[in-house]
Chemist: 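Take this structure, written in structure tokens, and hold onto it; I'll ask about it next.
Nothing fancy with the numbering, it's 1 onward along the sequence. Remember, it's 1-based here, ligands and their atoms both numbered in the order they're listed. Values in this document were obtained by computation on a predicted structure and should not be read as measured data. When reading the values below, keep in mind they use all heavy atoms of this one structure, side chains included, and skip hydrogens, waters and symmetry mates.
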Amino acid sequence: MTEKLYYADQYLQEFAATVTEVRPLAGSLWGVVLDRTAFYPEGGGQPCDKGWLDGIPVSAVYEDNGAIVHVVAERPVGQTVHGRLDWERRFDHMQQHSGEHIVSGVFGDLFGTENVGFHLGADRVYIDVTLTELTDEQTAAAEAAANAAVFANLPVKSEIVAAGELAKYHLRKRPAKEYANIRLVTVEGIDCCPCGSTHVAASGEIGLIKIRGWERKAGATRVDFVCGGRALADYRLTSAVARELSTRLSVPVEEVPAAFARQASKGESLNRLLQSARQELNRHLAASLYDEADELAGLRLVVAVVPDATPGELSDLARQVLARGRAVVLLATGSAEANKSHLLFACTPGAAADMGGLLKKALQATGGQGGGNAHWAQGGGSWCDSLAAVLAAARKDVSA
Ligand SMILES: [Zn+2]
């Protein structure tokens, strides 16, 4: 059994201990067991501590039958070691985890929900609560109550209670298993539940609690939140984004959404205008391509490389040409910058050779993919600097 120093003092960052066992682990790693440790092993939704034993990095910590195993890549030399926690990591876990007690307690108190899930990861903290819907008003009320509990700087206490005594406590949830003694963690007036993790001593240390969003999750609602240092990082990020948008749109931050909506609607009308201008341009281009094309056995042979057109614009152009009369249309477009090329072969149905077969052959030269039928085929791939030559070869096949 390893003595758990983090229960006596959750703020202990350094300690001396005796090595009681060193076990070989997979991947040339070692598991160091000590007589006492301040390293919290993974458990109760809280990730394990990291840190150093005699300067050797501890990459993971887990509990195995009462022994706390510190995973290291190098075997410590002496019988005694000096342990030091990565305190930034541990304190972050203490802030998020203690915040979780408050958010869960507040949700239970305001909406009668139960907490049915908790996750504390490197980039996300959430709880799952028994709610099917959460309104903005409810979120705001829960956030306000949670922060009021922080501002009140309430004591966060832990105590070991005999199972028979539990009835005296107003517990948010029952212990997961039957134990003779249970460790209860209480945030005065907010939350009381069995918990074996590490917490701050008073709620003020949690810092700001911000609910970032929620989503439906299998009959429950997943509530995402951040506390303390993570809330500060989140505020820095969102305020930097807001400032940037405000500068670019030349409006105060609070007017950004309205200004953005105006820009988006302006963009949509410009797009519509651009689209109709392109269609108009295609009508003229189709007319001149058709009028100037060579004629072969009553068919116009229209061959053109159209720079920087989209596949949709190429299709539109082909349809416009075919609408003018019997024709074979061999079109290509592409952009060296975007490393893309696109081919479209079409003809008046039944008028000429198989367009699908012709395209397949052309795509072998450009290294792309595509397909179609006898009178309409298209495809593309990466940029090809000899699109004109590819079309000329296809034209030769059609003429033959
Ligand atoms: Zn806890």
Side-chain angles (χ1 to χ4, degrees), residues 4-13 37-50 61-63 68 85 87-109 113-122 124-130 142 145-147 149-150 152-161 163 165-166 169-179 181-211 222-231:
K4 297 168 175 174
L5 299 173
Y6 48 84
Y7 281 155
D9 180 1
Q10 304 179 106
Y11 292 83
L12 187 65
Q13 298 181 37
T37 188
F39 281 82
Y40 177 73
E42 194 176 4
Q46 183 171 321
C48 71
D49 286 336
K50 290 185 179 177
V61 183
Y62 61 91
E63 191 164 4
I68 294 179
L85 299 194
W87 183 247
E88 202 179 316
R89 174 182 168 88
R90 157 67 89 74
F91 188 66
D92 167 55
H93 290 162
M94 283 161 60
Q95 280 189 321
Q96 310 312 316
H97 188 119
S98 308
E100 183 261 333
H101 279 265
I102 289 183
V103 176
S104 299
V106 157
F107 266 84
D109 191 33
T113 56
E114 271 179 61
N115 173 332
V116 289
F118 168 46
H119 169 81
L120 201 184
R124 198 176 170 198
V125 188
Y126 61 75
I127 54 168
D128 293 334
V129 293
T130 49
N147 283 290
V150 169
N153 201 24
L154 306 167
V156 180
K157 284 186 234 156
S158 64
E159 59 192 312
I160 306 293
V161 174
E165 302 288 297
L166 279 185
Y169 293 82
H170 180 65
L171 295 184
R172 168 160 57 84
K173 64 177 181 194
R174 307 289 310 166
K177 287 192 241 167
E178 291 295 323
Y179 297 102
N181 294 299
I182 294 112
R183 183 172 185 259
L184 290 186
V185 172
T186 306
V187 185
E188 216 172 75
I190 300 289
D191 187 51
C192 176
C193 76
C195 186
S197 304
T198 55
H199 310 81
V200 294
S203 62
E205 291 176 65
I206 296 167
L208 186 73
I209 297 177
K210 179 80 189 91
I211 295 176
R222 181 159 289 176
V223 183
D224 259 272
F225 61 93
V226 278
C227 305
R230 293 195 193 197

Chemist: Quick check for you: with the Zn ion (ligand 1) as the vertex, what angle do NE2 of H199 and NE2 of H97 span, to 10°?
Modeler: 110°
Chemist: Going by an N to O cut-off under 4.0 Å, is there a salt bridge joining K157 and E188?
Modeler: yes
Chemist: Which atoms form the tightest heavy-atom contact between R89 and C48, and what is the distance?
Modeler: NH2-O, 2.8 Å
Chemist: Nearest 10°: the angle subtended at the Zn ion (ligand 1) by C195 SG and H101 NE2?
Modeler: 130°
Chemist: Could you confirm whether C193 has any N/O/S atom lying under 2.8 Å from the Zn ion (ligand 1)?
Modeler: no
Chemist: Between K4 and E63, is there a salt bridge with N-O shorter than 4.0 Å?
Modeler: yes
Chemist: Quick test of your reading of the model: are R124 and D224 salt-bridged, counting only N-O distances below 4.0 Å?
Modeler: yes
